[in-house]
Amino acid sequence: MKYIDEFNDPDLARRLLEEIRATVTRPWALMEVCGGQTHSIIRHGIDQLLPEQVELIHGPGCPVCVTPLEVIDKALEIASRPGVIFCSFGDMLRVPGTGRDLFRVKGEGGDVRVVYSPLDALELARRHPDREVVFFAIGFETTAPANAMAVHQARRLGLTNFSLLVSHVRVPPAVEAIMTAPACRVQGFLAAGHVCSVMGTAEYPRLAERFGVPLVVTGFEPLDILEGIRLAVRQLERGEHRVENAYPRAVREEGNPAAVRMIEEVFEVTDRNWRGIGPIPDSGWRLTEAFRAYDAEHRFQVTDIRTEEPAECRAGEVLQGLIKPTECAAFGTTCTPRTPLGATMVSSEGACAAYYLYRRMNAATPQATATADKEMNPVG
């Protein structure tokens, strides 16, 4: 890749669209796994440019969105305690827990800080040996190597005041859960390129074979996504179901072996609860016994916190691809970026946030459109 403009070329986009139109002969439903892909699709109107036979279903690939409510409440409990510096990426601060969020905790006097890397939190622990520093370690496989490295470094440096609140999730078990759901309509996947750049593609062929679906590893720019759709539709029309790599500039079959080794040293596979979806076996990571001393859940004894999702929020159905955001009655009315009911309206990768930001109000009420215009243009 020389310039990002190469992957936004309108002439190439038209040619790819023409190829898709020439190939498709019947309806197909594809799911893009990653929330970053969802935002690119909605921002550039890719779903509206495709032939009507090709439907894009938004998947659960937003790590902020799938972090369960009980983990958010654990974060709120820990961040509220005296002597704690609670560190997080910025997009977690407005995710609602039960009755409040991390911004509220910060406003009430908690030492909540936005950092750009877990190593920033590690440096805070080194500079403040009298304080407990906790990093909110969420994400898919993409962020796991850096979080593993932070714990590895903490042990090497002998820092005993550093810990992780871990809520890591894994993509392949989520694909399996989606395909085994009774209401599943997905016939092919656009797999998340950044995840595969770390983990490779070794776990995907068995899924493609078991469920008879193509899995195309796809990037995030408009041409990346159109090429992924083209390859997926071509497979479906031919009756094929295999893994294809449409993101070779970033993804190799073996992934990043050094990153994988670091993950396997620090983390072990565990069952994980997904917000709005529920428990998925073997879909997460937790710290291994060797690094359990750095587990904030155990250090602060918050393992027994349990919560229930608000009934009004239908984010779980959005994350499973069962409905579009505009099919939720709360979308754009009682649920907006300023007053979110769920994480899908807060996260920079959430489907609800994408629809709201880019004015996809076609199925929403006039009230929702008016609310969006007021929030996005407060002066006018």
Side-chain angles (χ1 to χ4, degrees), residues 34-36 38-39 42-43 58-77 79-80 86 88-108 110 112 114 136 138-140 165 167 169 273-278 305 307-378:
C34 177
T38 299
H39 270 252
I42 302 303
R43 176 186 178 189
H58 313 314
C62 164
V64 174
C65 300
V66 301
T67 301
L69 185 60
E70 63 189 44
V71 175
I72 303 297
D73 282 356
K74 290 173 183 178
L76 298 173
E77 169 63 26
S80 300
F86 193 89
S88 173
F89 296 139
D91 53 2
M92 290 302 299
L93 267 64
R94 294 197 61 242
V95 177
T98 303
R100 57 179 181 164
D101 55 26
L102 285 168
F103 264 131
R104 175 69 63 85
V105 172
K106 184 177 178 67
E108 293 170 350
V112 178
V114 174
F136 203 174
I138 72 153
F140 286 89
L165 178 60
S167 187
V169 288
N273 192 32
W274 293 51
R275 186 168 193 164
I277 298 176
I305 290 179
T307 54
E308 292 186 8
E309 302 285 344
E312 186 182 6
C313 181
R314 300 180 69 186
E317 294 170 81
V318 174
L319 291 168
Q320 295 175 75
L322 301 178
I323 65 170
K324 296 291 195 293
T326 49
E327 295 176 67
C328 174
F331 174 79
T333 54
T334 57
C335 182
T336 73
R338 291 186 183 181
T339 59
L341 291 177
T344 50
M345 184 57 89
V346 177
S347 170
S348 60
E349 293 188 357
C352 297
Y355 273 61
Y356 196 92
L357 177 63
Y358 299 114
R359 297 299 197 280
R360 289 296 185 89
M361 303 291 182
N362 55 307
T365 65
Q367 180 187 351
T369 305
T371 301
D373 289 340
K374 185 176 181 180
E375 283 198 6
M376 303 303 289
N377 301 283

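Sequential numbering from 1 along the given sequence is applied to the chain's residues.
- Of all non-hydrogen atoms in Leu165 and Val71, the two that sit nearest each other are CD2-O, 4.0 Å.
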Chi angles and distances behind the side chain to side chain contact (heavy atoms under 4.5 Å, CB included) call for Thr67, Arg275 = CA-CA 5 Å; Thr67 301; Arg275 186 168 193 164; 5.8 Å; no

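- Asn273 approaches Glu70 most closely through the heavy-atom pair ND2-OE1, 4.1 Å.
- You'll find the side chain of Ser88 reaches within 4.5 Å of the side chain of Leu93, heavy atoms only.
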query = Are Val114 and Met92 close enough, and set up right, to give a side chain to side chain contact (heavy atoms under 4.5 Å, CB included), and what steps lead you there?
reply = CA-CA 9 Å; Val114 174; Met92 290 302 299; over 6 Å; no

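- His39 and Tyr355 are not linked by any side-chain donor-acceptor pair at a separation below 3.5 angstrom, with hydrogens and angles left out of the test.
- By the 4.5 Å heavy-atom criterion applied to side chains, Val64 and Val95 are counted as neighbours.
- Counting only heavy atoms from C-beta outward, the side chains of Cys335 and Cys352 never approach each other to under 4.5 Å.
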message = Applying side chain to side chain contact (heavy atoms under 4.5 Å, CB included) to Lys106 and Phe86, what does each step give before you reach the verdict?
response = CA-CA 10 Å; Lys106 184 177 178 67; Phe86 193 89; over 6 Å; no

Chi angles and distances behind the side chain to side chain contact (heavy atoms under 4.5 Å, CB included) call for Leu76, Leu102 = CA-CA 6 Å; Leu76 298 173; Leu102 285 168; 3.9 Å; yes

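- In this structure, Arg104 places its CZ atom where only 12 or fewer heavy-atom neighbours from other residues, nucleotides or ligands lie under 6.0 Å away.
- In this structure, the side chains of Tyr356 and Pro337 come closer than 4.5 Å at one or more pairs of heavy atoms.
- Checked by atom type, the side-chain pair Thr98/Asp73 shows a donor-acceptor distance below 3.5 Å.
- Scanning both residues, Pro340 and Met345, for their nearest heavy atoms gives CB-CB, 4.2 Å.
- Between the SG atom in Cys313 and the CG atom in Leu341 there is a gap of 5.5 Å [rounded to 0.5 Å].
- Put simply, CD1 on Ile138 and SG on Cys62 are 7.5 Å apart, with the number rounded to the nearest 0.5 Å.
- The heavy-atom pair separating Ala354 from Ile42 by the smallest distance is O-CG2, 3.8 Å.
- Here the shortest heavy-atom pairing between Ala315 and Thr344 reads CB-OG1, 3.5 Å.
- Electrostatic pairing of Lys324 and Glu327 does not count as a salt bridge here, judged by no charged N lying under 4.0 Å from a carboxylate O.
- Contact record, Val66 with Val169: CG2-CG2, 4.0 Å, taken as the closest heavy-atom pair.
- Between Phe89 and Phe136, the distance from one ring center to the other does not fall under 6.0 angstrom.
- With hydrogens and angles disregarded, a donor-acceptor distance shorter than 3.5 Å links the side chain of Arg94 to the backbone of Arg338.
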